[in-house]
Amino acid sequence: MPSQNNTQLPDNEALRLVKERYSSSRKASALDFERFARYYKLFRNRQTVKSYVGLANLFIPEPYRVVHKKTAKLANAIRSIKVTAEGPNDVESGKTGTRLINFLRRKLNWFIIERTAIQESRTIGLAWLKCLWKVKQETESAPYKGFDISFDTADHIFVSPGTTLLDYFVGNTKLLIHEYEADIGALKSNPAFKKSALDQLELRAGGGVTERSALDMARIQQDTLRTEKEAKKSKYRIQEHWGLVSQGNEEKWRVIAVADSAIVIRNEENPYIEILDFPIPFVPIIGNIVGQELYPIGDIEPAESLFNELNDTRNQRMDTVTMNIDPPKEVIKGANIPPQDLVAKRGWIMRSAIPNGVRFIPPDMQGVRAAIDEEKIIRGDIQQVTNTIDFSPGSDVQAGVSIDTARGTIIAKGEADIITEDELQLLKVSLRMLYRIVLAYAQNFLDREFTIRVLEQGAETFHEVSKESIK
């Protein structure tokens, strides 16, 4: 790490600052987290709003299909990363940077982390990647293991109220707070945390009870093997503040970590201030960005009401079919037919004390045909708004062109390709931001040379990499 002029900020002042900023940032996002919980439930096949409650309780996994399809399209479009040389003297270092990044994506499984973030961004609109350098993870033969990229969700990252994503991408934001849970063992393994503060924290005998976001609760409810009590067991809630802090007549970038909203376990100047132009090593992976808002739009939000209506329609149709198999009956009291004899079963016999003691009331099966047609229309609207058009015959798109002809398919595919390309360009903006951080770390923290294996155009080659070869 570069040397710092580590002017001290009193812990009590640091604690007050983090608590105030965390509280205001969390309150500003609370309603958004409630929205995200609904989108997550739909992705996990749970209907959020039911306008019809009957016998059937089916859920059509259309939200999962949409998110999965979009994730596969975008994640598999990024097969490799290329570092572009800034000038004629940077060509070789650009080639080395390209080889290094693609080696790291393969060796450290960064592809699956990227894919996870893409899937989260398609579900609720936003995900975050955190990129640090951890000296303790380095080994003599593999110094590249110091790179550490992790994924986190929108409800664990907070910025100052009023900040938009456009502000963040241009570096025009003063703070970011990362909230996470960790046990005492994980905290003690981090050399950045103060040992005396951790000893004090351990005396508190377990993590304190903290308020969870609506999205967090949706995840816990989905995991039937993990109770709320188990989720909190021996865990401490950490608020890690990365931002500008007023010290005297100037503002300085600092990292402050607070455990259980009570104990400051880290309070130092930002270690990346001399390395990164924007020293907050967090990268947003986004859906469709909205100019004056912090949270983008994912694939579920525009079609939320359609997903719920689709399931209501399907369950109404299934109930109609059930009523046709086992319809309601009008029974004359004098027929003396036991209720259990009215239930349809193999070898069904009813004994009536009088003729025509029971009258079956079949449903109107025209409702089934109408429900099938309406379901097709709803599916078409969903496909149109989410850009996941089904090109199979007969899937008319109510909101656009009919694609059961060759011409209609070509038009629909062209529109889908344009939107996918736009989404891919947004993803590339985020990945460029991420891999600029990776290259900056490589140019400063790789303190010894190592060998990487590269497969290019079917030929296997080996290259020596050091920080000098990347600069």
Side-chain angles (χ1 to χ4, degrees), residues 29-49 59-78 111-130 149-158 165 178-180 212-224 226 282-290 293-311 379 381-389 416 419-420 422-424 426-431 434:
S29 299
L31 293 178
D32 292 296
F33 296 160
E34 291 180 9
R35 292 191 296 112
F36 298 160
R38 298 200 309 269
Y39 309 152
Y40 179 79
K41 288 176 182 177
L42 285 168
F43 173 67
R44 295 304 302 265
N45 299 331
R46 286 185 287 163
Q47 194 170 343
T48 54
V49 177
F59 187 92
I60 303 171
E62 193 72 6
Y64 175 81
R65 183 190 78 87
V66 168
V67 170
H68 191 186
K69 187 171 183 177
K70 295 293 282 295
T71 301
K73 274 186 179 181
L74 296 174
N76 289 290
I78 309 294
F111 169 80
I112 194 65
I113 299 175
E114 292 172 15
R115 188 194 179 283
T116 303
I118 293 169
Q119 178 172 278
E120 183 76 6
S121 71
R122 303 323 306 178
T123 304
I124 66 171
L126 178 65
W128 291 87
L129 294 177
K130 181 181 184 181
I149 294 181
S150 58
F151 156 81
D152 218 327
T153 55
D155 58 318
H156 292 160
I157 304 291
F158 305 90
L165 266 185
H178 179 206
E179 184 176 39
Y180 60 93
R212 293 184 178 275
S213 72
L215 181 54
D216 242 355
M217 291 303 300
R219 292 192 191 96
I220 292 172
Q221 290 166 8
Q222 183 66 37
D223 187 352
T224 56
R226 184 176 71 156
F282 290 77
V283 176
I285 305 296
I286 60 176
N288 185 24
I289 195 167
V290 182
E293 297 183 22
L294 172 60
Y295 296 110
I297 297 174
D299 292 317
I300 292 181
E301 179 178 352
E304 180 184 8
S305 62
L306 291 171
F307 290 132
N308 286 311
E309 185 64 30
L310 178 65
N311 288 286
R379 280 180 177 273
D381 290 337
I382 290 172
Q383 291 171 16
Q384 189 78 355
V385 75
T386 60
N387 187 38
T388 53
I389 296 175
I419 297 174
T420 299
D422 180 64
E423 292 168 338
L424 186 58
L426 290 175
L427 175 60
K428 288 180 178 179
V429 170
S430 294
L431 293 182
L434 173 67

How long is the straight-line distance from CZ of Phe33 back to CG of Asp155, given to the nearest 0.5 Å? 5.5 Å
How close do Asp299 and Thr386 get, heavy atom to heavy atom, and via which atoms? O-CG2, 3.4 Å
Of all the heavy-atom pairs spanning Phe111 and Asn76, show the shortest one and how long it is. CZ-OD1, 4.3 Å
Kindly write out the residues that satisfy ring-ring contact (aromatic ring centres under 6.0 Å, His included) with Phe43, not counting sequence neighbours, or none if the list is empty. Tyr64
Taken to the nearest 0.5 Å, the spacing of Gln47 CD from Asn311 CG works out to 4.5 Å
About how many Å separate OG1 of Thr388 and CD of Glu62, when rounded to the nearest 0.5 Å? 6.5 Å
Would a 4.5 Å heavy-atom cut-off, applied to side chains only, mark Glu34 and Leu31 as touching? yes
Compare every heavy atom of Thr420 with every heavy atom of Leu74, then report the nearest pair and how far apart it is. CD2-O, 4.2 Å
Heavy-atom side-chain contact between His156 and Asp216 under 4.5 Å: yes
Measure the shortest side-chain to side-chain distance between Leu129 and Phe282 over non-hydrogen atoms and say whether it is less than 4.5 angstrom. no
Distance col, row Arg379:CZ vs Phe307:CZ, nearest 0.5 angstrom, shows 10.5 Å
Residues in ring-ring contact (aromatic ring centres under 6.0 Å, His included) with Phe59, at least two apart? none
Go through it in stages, so that I can follow the logic: the residues are Leu434 and Ile149, the test is side-chain contact (heavy atoms from CB on, under 4.5 Å), and I'd like the CA-CA distance, side-chain angles, deciding distance and then a yes or no. CA-CA 9 Å; Leu434 173 67; Ile149 294 181; 4.0 Å; yes
Strictly distance-based, threshold 3.5 Å: is any side-chain N or O of Ser121 a donor or acceptor partner for the main-chain N or O of Gly287? no
Heavy-atom check, side chain of Leu165 versus side chain of Leu126, under 4.5 Å: yes
How many angstroms lie between atom CZ of Arg46 and atom OG1 of Thr48, to the nearest 0.5 angstrom? 10.0 Å
Heavy-atom pair with the smallest gap, counting every atom of Ala77 and Leu424: CB-CD1, 3.7 Å
Could you measure the distance from the OG atom of Ser29 to the CD1 atom of Ile157? Nearest 0.5 Å is fine. 11.0 Å
Test applied, salt bridge (Lys or Arg N to Asp or Glu O under 4.0 Å); reference residue, Glu304; option that passes from Lys41, Arg35, Arg38: Arg38
Test ring-ring contact (aromatic ring centres under 6.0 Å, His included) applied to Tyr180 - qualifying residues, sequence neighbours left out: His178
Is there a side-chain contact between Ile285 and Glu120 (heavy atoms, below 4.5 Å)? no
So, do Lys70 and Glu423 sit near enough that their side-chain heavy atoms are less than 4.5 Å apart? yes
Considering all heavy atoms, the nearest Ile300-Thr123 contact: CB-O, 3.8 Å
Do Gln119 and Arg122 come close enough that some side-chain heavy atom pair is under 4.5 Å? no
Work out which heavy atom in Trp128 is nearest to a heavy atom in Ala154; give both atom names and the distance. CD1-CA, 4.1 Å
